[in-house]
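Written below as structure tokens is the structure these notes are about.
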Amino acid sequence: MGIEYDQDKLDEVLRIARENNRMLRSMRRSSFFGAIVKTVLWVALIIVPLWFYLQYIAPVMESMLQTYQQLQGTSAQAQAQFGELNRYLQQFQSLYGGGQ
């Protein structure tokens, strides 16, 4: 008395095993490509803003900084000239208007 195998049942088990194998391979492939896409997206999210800054914002900021420094230099020159004018006015006032 042995175990009798029904050929239909064995064929069904083989079909299910093959189908599971295909599904598992498909899931692994999808997971692999998903990981690649996520990596590319993260790299893009890090590199694109850096590239954008270096290409467009950094030159504008450098130009603005140079303009600001020129304004500071001009302001210092104007203050120096105003100080000299003020000193000359005080000297003029002390020479000609001090007797009042």
Side-chain angles (χ1 to χ4, degrees):
M1 188 167 182
I3 300 176
E4 294 180 17
Y5 295 108
D6 187 10
Q7 189 62 31
D8 290 337
K9 288 183 181 178
L10 285 176
D11 289 340
E12 180 69 17
V13 168
L14 181 61
R15 185 188 65 77
I16 291 173
R18 285 182 177 161
E19 185 178 340
N20 279 345
N21 190 19
R22 277 193 304 271
M23 284 191 309
L24 287 173
R25 285 177 187 251
S26 174
M27 288 170 64
R28 277 191 203 149
R29 189 172 30 252
S30 295
S31 175
F32 176 74
F33 288 127
I36 289 175
V37 168
K38 283 182 187 177
T39 303
V40 167
L41 282 175
W42 277 105
V43 167
L45 285 174
I46 292 170
I47 291 184
V48 167
L50 183 62
W51 175 82
F52 183 75
Y53 172 78
L54 290 174
Q55 287 297 112
Y56 298 107
I57 297 175
V60 172
M61 293 299 289
E62 186 176 329
S63 173
M64 286 175 54
L65 182 61
Q66 288 176 352
T67 304
Y68 179 71
Q69 288 173 345
Q70 286 175 353
L71 283 173
Q72 280 186 329
T74 304
S75 173
Q77 287 176 353
Q79 280 182 335
Q81 288 177 356
F82 182 72
E84 282 185 39
L85 179 64
N86 194 17
R87 187 170 47 95
Y88 288 139
L89 285 174
Q90 286 176 355
Q91 285 178 355
F92 182 76
Q93 186 179 18
S94 67
L95 287 176
Y96 297 109
Q100 294 178 2

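Treat the numbers as computed from the prediction; the structure is a model and nothing was measured.
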Distance-only criterion, 3.5 Å: show the donor-acceptor pairs between side-chain atoms of residues 37-62 and protein atoms not counting sequence neighbours.
unit_1, atom_1, unit_2, atom_2, d
T39, OG1, A35, O, 2.8

Would K9 and E12 pass as an ion pair if we require N to O under 4.0 Å?
no
Rounded to the nearest 0.5 Å, what's the gap from CG on N20 to CD1 on I16? Could you check?
7.5 Å
Atom pair CZ (R29) and CZ (R25), whose distance is rounded to the nearest 0.5 Å:
8.5 Å
List the atom pairs, with distances to 0.1 Å, where a side-chain N or O of residues 72-90 and a protein N or O form a donor-acceptor pair under 3.5 Å, not counting sequence neighbours.
unit_1, atom_1, unit_2, atom_2, d
Q72, NE2, Y68, OH, 3.1
T74, OG1, Q70, O, 2.9

M64 CE: over 12 foreign heavy atoms closer than 6.0 Å:
no
Answer yes or no: is there a donor N or O on one side and an acceptor on the other, between the side chain of S30 and the main chain of S26, under 3.5 Å?
yes
